[in-house]
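Data first, discussion second: the structure below is written as structure tokens.
Hydrogens, waters and symmetry mates are skipped; everything else that's a heavy atom, side chains included, is used. Just so it is clear, the structure is predicted and the values come from calculations on it, not from any experiment.
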Amino acid sequence: AVRCRRFSDDGFEALVTDFGPVLTDQQRREALVPFGKRRARPQVPLLNASTALSWPVAQQLVAAHGGYMTVDSSAEAGTTARFVLPGACS
């Protein structure tokens, strides 16, 4: 599910939620580090695992525009990536 809303008078947030497996605290930390998942599981063949770059790249793009990204995960709410960006909302 994707939701966007005004965050403040000068910005907005986008929330992207996935109701798949819940991430542990360690997995959430690894997800925002380039190749973090690969470093944590070097025994998994590369063909059977992602390179774990999508969230770090998204985080860098959001930061380049003056915003920030967080990731939360729980059994009740799923995993949500939250992007907060400054700028006018209409």
Side-chain angles (χ1 to χ4, degrees):
V2 177
R3 296 170 287 155
C4 293
R5 61 186 176 200
R6 182 178 300 274
F7 179 68
S8 64
D9 288 342
D10 60 351
F12 70 97
E13 69 179 353
L15 302 144
V16 181
T17 301
D18 177 355
F19 295 100
V22 176
L23 300 178
T24 65
D25 288 342
Q26 179 178 345
Q27 288 170 323
R28 285 186 311 122
R29 285 189 301 272
E30 290 169 0
L32 295 174
V33 176
F35 301 106
K37 188 163 65 171
R38 292 294 314 148
R39 283 192 208 114
R41 295 169 191 80
Q43 73 282 6
V44 176
L46 190 53
L47 293 175
N48 295 336
S50 74
T51 56
L53 284 175
S54 56
W55 284 6
V57 168
Q59 183 180 37
Q60 290 177 4
L61 287 170
V62 169
H65 288 81
Y68 62 90
M69 177 181 165
T70 62
V71 177
D72 293 307
S73 192
S74 72
E76 300 79 32
T79 299
T80 300
R82 178 177 179 244
F83 307 87
V84 177
L85 292 167
C89 271
S90 55

When you group the ILVMFWY residues by side-chain heavy-atom contacts below 4.5 Å and let the links chain together, are [Y] and [X] in the same group?
X: F19; Y: V2; value: no
X: L15; Y: V71; value: no
X: V16; Y: F12; value: yes

I need the R3 CZ to T80 OG1 distance, nearest 0.5 Å. 6.0 Å
Looking at L23, is its backbone amide N or carbonyl O close enough to the side chain of R28 to form a donor-acceptor pair, meaning the two atoms are under 3.5 Å apart? no
Specify the closest pair of heavy atoms between S74 and A77, including all atoms of both residues, with the distance to one decimal. OG-N, 3.1 Å
Heavy-atom closest pair (Q27 atom, V22 atom, distance to 0.1 Å) is OE1-O, 3.9 Å
For A58, enumerate each residue passing the side-chain contact (heavy atoms from CB on, under 4.5 Å) test, keeping only those at least two apart in sequence or located in another chain. M69, F83
